[in-house]
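Numbers here simply count residues along the sequence, with the first being 1. Everything numeric here is computed off the predicted structure, so don't read it as measured data. Every heavy atom of this structure was used, including side-chain atoms; hydrogens, water molecules and symmetry mates were not.
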Amino acid sequence: MEISNILSSTMDSHAAMMQARSADTEFNEFQSLLERVMSSPAGAIDEAHERAQIRQAAEMFESYFLNMMFRNMRSVNFDEEGFIPRGNAEKIFTEMLDEVISDKAASHGGLGLADMLYAQMTQRFR
């Protein structure tokens, strides 16, 4: 076995581990924010502040959802060894790009999932 194959497989496994850790952290942040907001009794926190936290949690969920969708779409490689072989740097770059696109899309309307979640979670204010 060549050293380049060993290094490549090590970098691939490291990138996959970092990607999974990032996704877990993002989901845990969303979950803790949502639990904190939903467990507080109505009226205990300023309603405007609570609505802002709910909006943030809804956008975080939509961002997480979009990021997972992009990740799964990119995992389907029809032509892995195309004209120019892809390296780890490109994989890391596309993962980071997908994360930024997911965040921007969720905060600017996205699929509308954040709006639906926000409307459902703020029904207790009506």
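Here NZ of Lys91 is found 12.5 Å from CZ of Arg74. Values are rounded to the nearest 0.5 Å. The CD atom of Gln123 sits 12.0 Å away from the OH atom of Tyr118 when rounded to the nearest 0.5 Å. Atom CE of Met96 sits about 12.5 Å away from atom CD1 of Ile101, to the nearest 0.5 Å. To the nearest 0.5 angstrom, Asp103 atom CG is 9.5 Å from Leu66 atom CG. Ser102 contributes atom OG, which lies 4.0 Å from atom CG of Asn67 (distance to the nearest 0.5 angstrom).
Note on Phe93 and Val100: separate hydrophobic clusters, where clusters join Ile, Leu, Val, Met, Phe, Trp and Tyr whose side-chain heavy atoms are under 4.5 Å apart, directly or indirectly.
We find that Arg71 and Asp98 are not joined by a salt bridge, their nearest charged nitrogen and carboxylate oxygen being 4.0 Å or further apart.
In this structure, Ala106 and Ser63 approach most closely via the heavy-atom pair CB-N, 3.6 Å. The minimum heavy-atom distance linking Ala114 with Ala58 is given by the pair O-CB, 3.4 Å.
The 12-atom threshold is exceeded at CE of Met69, counting heavy atoms of other residues, nucleotides or ligands nearer than 6.0 Å. Counting non-hydrogen atoms of other residues, nucleotides and ligands closer than 6.0 Å to CZ of Phe65 gives a total of 12 or fewer.
Under the 4.5 Å side-chain criterion, counting only non-hydrogen atoms from C-beta, Phe70 is not in contact with Glu99.
Among Glu62, Gln120, Arg55, the one residue that satisfies the side chain to side chain contact (heavy atoms under 4.5 Å, CB included) test with Asp115 is Arg55.
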